[in-house]
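All remarks here apply to the structure that follows.
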Amino acid sequence: MDSVRVRFAPSPTGYLHVGGGRTALFNWLYARHHGGTFILRIEDTDRTRSTDEAIEQIFASLRWLGLDWDEVYRQTDRFDRHREVAAELVRRGAAYESEGALWFRVPKEGATTVPDLLAGDVTVQHSELKDLVILRSDGTPIYNFACVVDDHDMGITHVIRGAEHLNNTPKQLLLYQALGWEPPLFAHVPLILGPDRSKLSKRHGAGSVLDYDERGILPEALVNFLARLGWSHGDQEVFSREELVALFDLPGVNTSAAVFDDEKLMWLNHEWLRRLDLDRLGRLLGERIVRRGVADQATVDALGPTKLARAAALLRERGRTLVEMADRARPYLPGDLDLVPEAEALLTAELRPALAEVARRVEGLSQPSAAEFESVLQGVARDLGISIKALAPAVRVAVSGTRVGPGLYDLLSVIGPEIVVSRLRGAARKEER
RNA sequence: GUCCCCGUCGUCCAGCGGUCCAGGAUACCGGGCUUUCAAUCCGGAAACGGGGGUUCGAAUCCCCCCGGGGACACCA
């Protein structure tokens with residue numbers, strides 16, 4: 001059997017949204033699973049709506065998703081070929097000119113059946129079809145025609161595309177027939193729906209692939225999530241890219257549309273955050289801290305990769321996105337903190353000397369571990385006759401500015417003795433005013 | 001409106017004639033653990049759209065209805 005050649009054929013009329021992203025993913029997975037070729041074809045025949053910015057966006061989106069293509073084409077580069085084939089259709093009497101445009105004649109009688117790999121045989125009566133324009137009056141080709149010519153010329157073996165194209169397929173099949181060409185196999189994948197159950201589109205808001213990057217979603221998570229929309233492997237939920245390549249195939253794909261559930265994406269993202277290599281996560285966190293304006297590049301650089309990774313290890317347990325992690329990273333960075341409003345209530349006159357005492361005892365230590373911090377706090381609590389349940393929250397808020405966060409001793413150990421001491425003293429002094 | 005596709009917990013999936021008084025995940029509710037929040041553990045509520053068939057037996061096969069979606073451009 002010929003090796004698999006599939007294509008993703010977006011039109012550059014706007015950003016790439018997740019629906020297109022999933023179509024691209026399924027094509028890519030199919031190609032990689034079968035050791036085939038993944039082709040990217042920019043369908044820019046509508047020159048009034050296509051933009052170079054959109055093309056760049058599509059490239060950037062696919063790169064971010066990690067979907068590498070083996071060949072890339074632009075339909076506008078192939079207009080001569082399209083016109084040549086159109087002329088051939090005229091010669092064969094299958095096309096005619098009217099009002100300046102070239103039309104393909106659809107038979108009045110009979111029917112065409114699409115042998116869809118997923119939907120099964122779908123038959124459409126020719127009486128339902130109208131003649132279709134193949135070349136506009138300005139001589140440029142139209143989708144249904146350019147698509148057929150290109151799929152044929154590029155040796156496409158499987159057309160995997162959104163279900164909204166199922167109705168186009170009979171027309172395309174008729175074109176293949178008129179040209180005497182062997183059509184590829186078709187697989188129309190179910191649509192992704194928005195919360196209102198209509199086809200996911202730009203008007204549903206955050207539909208752009210790159211928006212998910214902006215929101216702090218990992219490409220691993222979005223790929224995993226998109227793959228699970230319409231495809232499954234038993235009860236498994238988390239799949240690495242490698243697993244997907246190994247397991248994905250068309251027979252496992254659904255036929256019913258799926259609603260995009262943001263909450264589940266968040267859960268999956270958290271899962272991936274917790275599985276990520278810590279050095280890489282540390283780097284991502286550093287970038288995000290700067291990107292979010294939490295701190296500048298110099299501050300992040302000063303912290304260094306090791307501390308960044310340690311902070312990331314704590315942050316990822318609670319944050320569901322890189323954005324949440326970065327926005328909570330302030331306590332790990334040098335400098336003063338804004339304390340939450342209830343902090344004042346926690347830092348009572350009774351606790352003030354205790355904070356100062358903790359600072360004094362920490363000062364003598366070098367690189368204290370979480371366990372050492374614990375024994376310091378326990379010691380101070382015991383010696384000063386204070387409950388640890390009162391001391392711990394006060395130390396936490398003094399050092400991290402907030403009442404919530406990782407285990408206190410881990411937190412202190414990662415923040416490090418210098419910053420801990422300085423913030424403890426600051427809080428103790430504040431109370432004296 | 002016409003044609004086409006689809007129809008299992010709110011949502012994503014499993015199920016492909018018996019092992020299903022339907023399983024997993026998420027979200028939700030309650031409890032344990034914890035200085036807090038997470039994580040985690042235990043428990044709970046939650047679905048085969050309806051009606052006819054076929055069959056000894058149907059979530060699984062067929063038909064009708066209903067519901068949802070998509071397509072009906074010199075857009076893709």
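The shown structure was predicted, so the numbers you read here are calculated from the model rather than taken from an experiment. Numbered from 1 within each chain, the chains take letters A, B, ... in sequence-line order.
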Is there a donor on the side chain of Ser137(A) or the base of C74(B) sitting less than 3.5 Å from an acceptor on the other?
yes

pair_partner(U35(B)), Watson-Crick or wobble, both distances < 3.5 Å, evaluates to none

Whole-Å gap separating C1' (A38(B)) and CZ (Arg318(A))
5 Å

Measuring only the P atom in each nucleotide, how far is A14(B) from C6(B)? A whole number of Å is fine.
15 Å

Expected rows: protein N/O vs nucleotides 60-64 of chain B N/O, under 3.5 Å:
none

With a 4.0 Å cut-off on N to O distance, would you call Glu263(A) and Arg320(A) a salt bridge?
yes

Is there a side-chain polar atom (N or O) of Lys389(A) under 4.0 Å from OP1 or OP2 of U36(B)?
no

Nearest whole Å is fine: how far is A76(B) C1' from Asn168(A) CG?
8 Å

At 4.0 Å (heavy atoms only), tell me whether Thr140(A) reaches a base, stays on the sugar-phosphate, or touches nothing.
nothing

Under 4.0 Å protein heavy-atom contacts per nucleotide of nucleotides 3-14 of chain B, with B for base, S for backbone only and - for none:
SSSSS--BBBSS

Mind checking what makes salt bridge (Lys or Arg N to Asp or Glu O under 4.0 Å) contact with Glu363(A), not counting sequence neighbours?
Arg425(A)

By nearest heavy atom, map His270(A) and Ser11(A) onto RNA chain B; which one lands nearer the 5' end?
His270(A)

Listing request: all side-chain hydrogen bond (donor to acceptor under 3.5 Å, both in side chains) pairs with a residue in residues 400-416 of chain A, at least two apart in sequence or in separate chains.
Arg310(A)-Ser413(A)

Return the nucleotide paired to G67(B): Watson-Crick means purine N1 to pyrimidine N3 with N6-O4 or O6-N4, wobble means G-U with N1-O2 and O6-N3, both under 3.5 Å.
C6(B)

Scan for salt bridge (Lys or Arg N to Asp or Glu O under 4.0 Å) pairs involving residues 15-32 of chain A, sequence neighbours excluded, and state none if there are none.
Arg32(A)-Asp68(A), Arg32(A)-Asp70(A)

Starting at CG of Leu135(A) and ending at P of C75(B), how long is that distance when rounded to a whole Å?
12 Å

Whole-Å P distance, A47(B) and U11(B):
12 Å

Could you work out the separation of G68(B) and G49(B) based on their P atoms and round it to a whole Å?
15 Å

Is there a side-chain contact between Asp131(A) and Phe104(A) (heavy atoms, below 4.5 Å)?
no

Would you call Arg215(A)-Asp262(A) a salt bridge at under 4.0 Å N-O?
yes

Salt bridge or not between Arg41(A) and Asp151(A)? Use side-chain N to carboxylate O under 4.0 Å.
yes

Given the C1' atoms of G70(B) and C75(B), what is the spacing between them in whole Å?
16 Å

Would you mind reading off the distance between Leu265(A) atom CG and A27(B) atom P, rounded to a whole angstrom?
12 Å

Which value, in whole Å, describes the distance between the P atoms of nucleotides U2(B) and U54(B)?
32 Å

Rounded P spacing from A39(B) to A27(B) in Å:
8 Å

Rounded to whole Å, NE2 of His188(A) lies from C1' of G69(B) at a distance of 16 Å

For His165(A), all residues meeting side chain to side chain donor-acceptor pair (under 3.5 Å), sequence neighbours excluded
Tyr143(A), Asn168(A)

Could you identify the nucleotide paired to G23(B), looking across every strand shown and requiring Watson-Crick or G-U wobble geometry with both distances under 3.5 Å?
C13(B)

Between C61(B) and C5(B), how many Å separate the two P atoms, rounded to a whole number?
16 Å

For A76(B) and Arg136(A) - does any side-chain N or O of the residue sit under 4.0 Å from the phosphate oxygens OP1/OP2?
yes

Should Lys130(A) be listed as having a side-chain N or O under 4.0 Å from OP1 or OP2 of A73(B)?
yes

Under a 3.5 Å cut-off for both contacts, is C72(B) paired Watson-Crick or G-U wobble with anything, and if yes, with which nucleotide?
G1(B)

Choosing from U36(B), A76(B), U26(B), which nucleotide comes nearest the side chain of Glu263(A)?
U26(B)

Whole angstrom value for the distance that separates C1' of U36(B) from CG of Leu377(A)
14 Å

Over how many whole Å does the gap from Tyr409(A) atom OH to C37(B) atom P extend?
16 Å

What is the distance from CZ of Arg74(A) to P of A76(B), rounded to the nearest Å?
14 Å

Between A22(B) and G15(B), how far apart are the two C1' atoms, rounded to whole Å?
8 Å

Could you tell me whether Asp383(A) and Arg361(A) make a salt bridge, using a distance below 4.0 angstrom between a side-chain N and a carboxylate O?
yes

